[in-house]
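Side chains included, hydrogens not; waters and symmetry mates left out as well; all remaining heavy atoms used.
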Amino acid sequence: MSSSPAAPSLAGASPVSQASPLVMRVIGACALAHLINDLIQAVLPAIYPMLKLNYGLSFAQIGLITLTFQLTASLLQPWVGYHTDRHPKPWLLPAGSVCTLVGILMLAFVGSFPAILLAAALVGIGSSTFHPEASRIARLASGGRYGLAQSTFQVGGNAGTAFGPLLAAAIIIPFGQGNVAWFGLFAAFAIVVLYGLSRWYRHHLTLFKLKQGGAATHSLSAGRVKFALLILALLVFSKYFYMASFTSYFTFFLIEKFDLSVASSQLYLFLFLGAVAAGTFFGGPIGDRIGRKQVIWFSILGVAPFSLLLPHVDLFWTGVLSMVIGFILASAFSAIVVFAQELMPGNVGMIAGLFFGLMFGFGGIGGALLGYLADIHGIEEVFLICSFLPLLGILTALLPSLKKQ
């Protein structure tokens, strides 16, 4: 399926939109690979209750597992993106998935806490090579519809994150840690998909000016661009610190406050993550139509009333509010990434790597810090503190309006 956007020619317009039509099969393959990548990643927090019981871990140690994974996933991403913007490496996609495969197989058979940390680190390294390259391929296949491509790519990851806990509850929780190895089949399939994507990428490199990209369509000074990137980073901080409370500790919150079983708590986590996937899908195309700044406003600050209510309601409304929060909050990330890429055209991979890296980094630091706070003050207090984070969405007022010159 392909189509070309009907838009007037602009001086300095992106060469991508001029040289290539929309290639949905490539974007769809990127989304499928993202689904598998993030599904495997989601297995780790989904089995935290089992690991905590099997190895006698504290909440702080659970947070350290999250930190190890998130830091390896985040620190490499901007460097990978910066380097491959200038020196494309199509082979990195399947190679990174091999790392993920090794990590997930290790996780099935480890017998100590340090080995769990090593397995988490390997899965993180696989993620750090995947996101910048796959995000760039989705953009190159977008035909200029960058929000649609980014949100479709991102929704694949969110869908994988949602299904990970559900599959873990069905395959791992009832039968034991060794069954994590079944997820190695997903990693093997991802290697095949990513090999096909790397071949498409290699054969189409001549269509795109990867090294320099398009000229900026805004008239902002370098200082103003850096300030806008800082504001976007702070918004990512507020979003993913808050998200970390859900992805790492929502099951513990439900078990402690409402006395749910592990399997039942995983179902509520699945509903939250499913709402995140839906919100991600709608955020990109809406940003293409009404503007990315408006989507960011609504997505982060708009979730504040619901986040402030969540710690004070019963189980039914906890489920409802968690889905509303997930849907609204998720719509921001695609808009943030594309907004940043428009601020710095020609650095698509670096920007994708930077913001995916910030996402993982803030999520990891948040997971570790919140675990420490949970050990001291209790898990319910953690959710009460985190409920104020979306108020930082007011910083969106400081972002410039990007109007094409």
Less than 3.5 Å apart, which donor and acceptor atoms pair up between the side chains of residues 95-117 and the rest of the protein, not counting sequence neighbours?
{"residue": "Thr100", "atom": "OG1", "partner": "Gly96", "partner atom": "O", "Å": "3.4"}
{"residue": "Ser112", "atom": "OG", "partner": "Ala115", "partner atom": "N", "Å": "3.4"}

Could you list the donor-acceptor pairs under 3.5 angstrom formed between side-chain atoms of residues 185-198 and any protein atom two or more places apart in sequence or on another chain?
{"residue": "Ser198", "atom": "OG", "partner": "Leu194", "partner atom": "O", "Å": "3.4"}
{"residue": "Ser198", "atom": "OG", "partner": "Tyr195", "partner atom": "O", "Å": "2.7"}

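Taking the side chain as every heavy atom from C-beta outward, Thr318 and Leu310 approach each other to under 4.5 Å. The closest side-chain heavy-atom distance from Glu381 to Leu373 is not below 4.5 Å. Ile65 is listed as a side-chain neighbour of Leu44, based on a closest heavy-atom distance under 4.5 Å. No side-chain heavy atom of Leu67 sits under 4.5 Å from any side-chain heavy atom of Leu369. Side-chain contact between Leu321 and Leu309: present, with at least one pair of heavy atoms (C-beta onward) separated by less than 4.5 Å. With contacts defined as side-chain heavy-atom distances shorter than 4.5 Å, the pair His312/Leu384 qualifies.
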- [ ] Report the C-alpha separation of Val262 and Thr251 in whole Å, then their side-chain angles, then the decisive distance to 0.1 Å, and conclude whether the side chain to side chain contact (heavy atoms under 4.5 Å, CB included) test is met.
- [x] CA-CA 7 Å; Val262 172; Thr251 53; over 6 Å; no
Open item on the list: As a quick check of understanding, evaluate side chain to side chain contact (heavy atoms under 4.5 Å, CB included) for Lys257 and Ile379, giving each step before the final call.
Closed with: CA-CA 9 Å; Lys257 185 172 182 179; Ile379 201 70; over 6 Å; no
Task: side chain to side chain contact (heavy atoms under 4.5 Å, CB included) between Phe183 and Ile172, worked out - done: CA-CA 10 Å; Phe183 287 82; Ile172 302 171; 3.5 Å; yes
Task: Pair His377-Ile385, side chain to side chain contact (heavy atoms under 4.5 Å, CB included): steps then yes or no - done: CA-CA 11 Å; His377 300 291; Ile385 294 169; 5.6 Å; no
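For residues 108-133, every residue pair satisfying the salt bridge (Lys or Arg N to Asp or Glu O under 4.0 Å) rule, not counting sequence neighbours, is listed here: Glu133-Arg136.
Under a 3.5 Å cut-off, the side chain of Ser307 and the backbone N or O of Ser387 do form a donor-acceptor pair. Between the side chain of His34 and the backbone N or O of Gly156, no donor-acceptor pair lies under 3.5 Å. Checking side-chain atoms of Thr247 against main-chain N and O of Met243 turns up a donor-acceptor pair under 3.5 Å. With Ser248 contributing its side chain and Ser245 its backbone, the two residues share no donor-acceptor pair below 3.5 Å. Not a single donor-acceptor pair under 3.5 Å links the side chain of Glu342 to the backbone N or O of Phe339. When atom types are taken as modelled, the side chain of Lys239 and the backbone of Leu329 share a donor-acceptor pair closer than 3.5 angstrom. A donor-acceptor pair is defined here as one N or O able to donate and one able to accept, closer than 3.5 Å; no such pair exists between the side chain of Asp38 and the backbone of Gln41.
More than 12 heavy atoms of other residues, nucleotides or ligands shown are found within 6.0 angstrom of CH2 on Trp297. The neighbour count for Asp314 CG, taken as heavy atoms of other residues, nucleotides or ligands under 6.0 Å away, is above 12.
The distance from atom OG of Ser299 to atom CZ of Phe327, rounded to the nearest 0.5 Å, is 9.5 Å. To the nearest 0.5 angstrom, Leu235 atom CG is 10.0 Å from Leu301 atom CG. Separating the CD1 atom in Ile394 from the OG1 atom in Thr396 is a distance of 7.5 Å, to the nearest 0.5 Å. Rounding to the nearest 0.5 angstrom, the gap separating the CD1 atom in Ile300 from the CG atom in Leu391 is 11.5 Å. For the atom pair Phe69 CZ and Ile125 CD1, the distance stands at 11.0 Å (nearest 0.5 Å). For the atom pair CG (Leu118) and OG1 (Thr72), the distance works out to 10.0 Å, reported to the nearest 0.5 Å.
Aromatic pair Phe253/Tyr249: ring centres not closer than 6.0 Å. Aromatic pair Phe59/Tyr372: centroids not less than 6.0 angstrom apart. Remark: aromatic rings of Phe252 and Tyr48 are distant, center separation not under 6.0 Å.
For the pair Ala134 and Leu93, the tightest heavy-atom approach, listed with the atom from each and the gap, is N-CD2, 3.9 Å. Contact detail for Ile27 and Ala138: the closest heavy-atom pair is CG1-O, 3.9 Å. When every heavy atom of Ala340 is checked against every heavy atom of Leu232, the shortest pair comes out as CB-CD1, 3.9 Å. Heavy atoms only, all atoms of each residue included: Ala228 and Leu399 are closest at O-CD2, 3.7 Å. Nearest heavy-atom pair across Cys386 and Tyr242 is O-CD1, 3.3 Å. Nearest heavy atoms, Phe258 versus Val313: CZ-O, 3.7 Å.
Phe153 and His131 have perpendicular rings, their planes meeting at more than 60° on a 0 to 90° scale where under 30° would count as parallel.
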